[in-house]
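Notes follow the structure.
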Amino acid sequence: MTPGSRHRDSSASPPRRSDAERNRARIIAAGRRVLGRDGLDASMASVAREAGVGIATILRHFPAKEDLVAAVFADRMDAYADAVTDALDDPDPWHGFVGYIETACAMQAADQGFADVLTMTFPGAKALEKRRAEAYEAMVRLIDRAKATGRLREDFDPSDLVLIHMANAGVVNATGQAAPDAWRRVVALFIQCFEAPARGPLPASPDHDALYQAMLRASPAGTITPEPARDS
């Protein structure tokens, strides 16, 4: 170092987060409140008002609503996937299966937005969908284990999980704060129907591709990033 040159004080505090970082954090926090309360039909403008920023600021951070959904619900999808892991760790596969169904449906009841997320799919939200896929694959293993105990009916199909989430989301949406625990009865009815021995055969499960298309269609307008067209 040359004489007289300046050096930075190593004891100086680290720089504060930029305005952009603070705004992003405010938007995500506001999104959790608004989407958790009103579901995914809530507008980006309502999130902007809650965050105290302009709509242009939201769009700089989250160009599509799908991007905001992915950021807001990343931690909830992690918790959802962790619930399946916990269920697999249960030495009693049937108990683990029942516990998972109850936990996942309770998560829907506690958060209107997440109730919607579990009935939809977001192709552009790669990290979110990766976690969902991991949870699904683990749940398939749990289903097989529960069937091996003789407690879960043999004709239970993994696609039934999506139908459970759709049905539970409908109950949560319809009852709201007027009957906030109604979902518990519905879930208990489901679980009793799943237990072997079955009283009779079930209709065929929906085609998995058709169910995926239904989840795409259920997503609110403006949420899904269009997939690029394929070359013919």
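Just so you know, these numbers come straight off a predicted model, no measurement behind them. All residue numbers in this chain count up from 1 along the given sequence.
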Counting C-beta onward and ignoring hydrogens, is there a side-chain heavy-atom pair between Val69 and Asp116 closer than 4.5 Å? no

Find the distance between CG (Leu68) and CD (Glu66) and round it off to the nearest 0.5 Å. 11.0 Å

Sequence neighbours left out, what passes side chain to side chain contact (heavy atoms under 4.5 Å, CB included) with Asn23? Give chain and number order. Arg26, Val53, Thr57, His61

Contact summary for Ala42 and Asp38, nearest pair of heavy atoms: CB-CB, 3.9 Å

Heavy-atom closest pair, residues Ala104 and Leu118: O-CD1, 4.5 Å

Shortest non-hydrogen contact from Asp155 toward Gly200: OD2-O, 4.4 Å

Sub-4.5 Å side-chain heavy-atom contact between Gln112 and Arg37: no

Is there a side-chain contact between Asp82 and Arg131 in this structure, where contact means two heavy atoms from C-beta onward sitting under 4.5 Å apart? yes

Please evaluate residues Met77 and Glu129 with respect to the criterion side chain to side chain contact (heavy atoms under 4.5 Å, CB included), reporting the C-alpha separation (whole Å), side-chain torsions for both, the decisive distance (0.1 Å), and the verdict. CA-CA 9 Å; Met77 190 60 80; Glu129 291 303 325; 5.9 Å; no

Where is the tightest heavy-atom contact between Gln108 and Ala169, given as atom of each residue plus distance? NE2-CB, 3.9 Å

Going only through I, L, V, M, F, W and Y residues with side-chain contacts under 4.5 Å, is there a path from Val172 to Val162? no

Within the 4.5 Å heavy-atom criterion, are Arg32 and Asp75 side-chain neighbours or not? yes

Is a donor on one side and an acceptor on the other found under 3.5 Å between the side chain of Glu50 and the backbone of Val34? no

Atom CG in Leu128, atom CG in Asp78: separation rounded to 0.5 Å? 9.0 Å

Just to verify, which of Pro206, Ser159, Pro123 counts as forming a side-chain contact (heavy atoms from CB on, under 4.5 Å) with Tyr212? Pro123

What I'd like to find out is whether the side chain of Phe122 reaches to under 4.5 Å of the side chain of Arg132, using heavy atoms alone. yes

Would you mind reporting whether Asp160 and Phe190 have side-chain heavy atoms less than 4.5 Å apart? no

Rounded to the nearest 0.5 Å, the CD atom of Glu154 sits from the CD1 atom of Ile143 at a distance of 11.5 Å

Measure centre to centre between the rings of Phe156 and Phe97, then say whether the value is under 6.0 Å. yes

For Lys130 and Glu134, run salt bridge (charged side-chain N to carboxylate O under 4.0 Å, His left out): C-alpha distance rounded to whole Å, both residues' side-chain angles, the deciding distance at 0.1 Å, then the answer. CA-CA 6 Å; Lys130 180 175 182 291; Glu134 291 169 351; 2.6 Å; yes

Ignoring hydrogens and angles, tell me if any N or O in the side chain of Asp111 forms a donor-acceptor pair with the backbone of Met107 under 3.5 Å. no

Quick one: closest heavy-atom pair of Trp183 and Ala109, and the distance? NE1-CB, 3.3 Å

Should Phe73 and Leu35 be marked as a side chain to side chain contact (heavy atoms under 4.5 Å, CB included) after you check the CA-CA gap, both sets of side-chain angles, and the distance that decides it? CA-CA 10 Å; Phe73 294 105; Leu35 301 181; 3.9 Å; yes

Could you tell me whether the side chain of Asp90 and the main chain of Ala87 form a donor-acceptor pair under 3.5 Å? no

Is the shortest side-chain heavy-atom distance between Ile191 and Glu102 below 4.5 Å? yes

Sort and list the pairs that fulfil side-chain hydrogen bond (donor to acceptor under 3.5 Å, both in side chains) and have at least one residue in residues 198-211, not counting sequence neighbours. Asp157-His208

What distance separates Leu163 CG from Asn168 CG, expressed to the nearest 0.5 Å? 12.5 Å

Between Lys65 (side chain) and Ser43 (backbone), is there a donor-acceptor pair under 3.5 Å? no

Answer yes or no: is there a donor N or O on one side and an acceptor on the other, between the side chain of Lys147 and the main chain of Leu152, under 3.5 Å? no

Side chain to side chain contact (heavy atoms under 4.5 Å, CB included) between Val47 and Met44, intermediate numbers included: CA-CA 5 Å; Val47 175; Met44 295 283 268; 5.6 Å; no

To the closest 0.5 Å, what do you measure between OH (Tyr100) and CG (Leu88)? 11.0 Å

Side chain proximity check, His95 to Val98, heavy atoms < 4.5 angstrom: no

Taking ILVMFWY side chains as joined if any heavy atoms are under 4.5 angstrom apart, and letting links pass through other members, which residues group with Tyr136? Val140

Quick one: do Val72 and Phe62 satisfy side chain to side chain contact (heavy atoms under 4.5 Å, CB included)? Show the steps, please. CA-CA 11 Å; Val72 166; Phe62 305 104; over 6 Å; no

Could you tell me the separation between the OG atom of Ser46 and the CG atom of Asp41, rounded to the nearest 0.5 Å? 10.5 Å

